[in-house]
Amino acid sequence: AEWARLIDVNLTGPRLGMTHAIPLLRARGGGSIINMSSVSGIIGVPNVGAYSAPKGGLRIMSKCVAAEVGP
């Protein structure tokens with residue numbers, strides 16, 4: 001249950017935010033989306049894999065979305 005909650009909060013939540021924000025930003029002519037991650041998503045910290053995994057995923061997902069929709 002904790003794994004699912006952390007994925008929902010730290011990965012699914014930002015994805016839904018970006019999904020809803022992108023059309024609004026396009027309609028305004030541009031803007032920025034800033035997602036906050038953690039060093040735990042870069043190096044991996046022992047005993048907090050359920051926290052580190054979505055943080056690493058958020059970093060990569062943000063880069064992918066930027067490449068897909070950015071100028």
Side-chain angles (χ1 to χ4, degrees):
E2 182 69 5
W3 174 271
R5 186 183 76 78
L6 287 167
I7 293 291
D8 284 347
V9 170
N10 293 320
L11 195 56
T12 304
R15 176 60 189 183
L16 292 172
M18 289 188 289
T19 298
H20 292 285
I22 289 167
L24 300 172
L25 292 172
R26 284 183 170 153
R28 290 184 49 181
S32 298
I33 296 173
I34 300 171
N35 288 316
M36 300 298 290
S37 185
S38 169
V39 69
S40 295
I42 300 170
I43 62 170
V45 177
N47 303 314
V48 292
Y51 175 79
S52 296
K55 290 298 186 173
L58 178 59
R59 290 175 49 81
I60 297 303
M61 181 177 65
S62 298
K63 291 179 180 188
C64 290
V65 171
E68 291 168 8
V69 303

* Asked: By salt bridge (charged side-chain N to carboxylate O under 4.0 Å, His left out), which residues pair with E68, not counting sequence neighbours?
  -> none
* Nearest-0.5 Å distance that lies between atom CG in L11 and atom CZ in R15 -> 9.5 Å
* Decide whether V65 and L58 are clustered together by the hydrophobic rule: side chain heavy atoms of Ile, Leu, Val, Met, Phe, Trp, Tyr closer than 4.5 Å, transitively. => yes
* Between CZ on residue R5 and OG1 on residue T12, distance to nearest 0.5 Å -> 12.5 Å
* Asked: Of N10, D8, V9, which is the lone residue that meets side-chain contact (heavy atoms from CB on, under 4.5 Å) with L6?
  -> N10
* To do: Report yes or no: do M18 and V69 belong to one cluster of Ile/Leu/Val/Met/Phe/Trp/Tyr joined by side chain heavy-atom distances under 4.5 Å?
  => yes
Table please: side-chain donor-acceptor pairs of residues 21-44 below 3.5 Å, with sequence neighbours left out.
unit_1	atom_1	unit_2	atom_2	d
N35	ND2	S62	OG	2.9
S37	OG	K55	O	2.9
S38	OG	S40	N	3.1

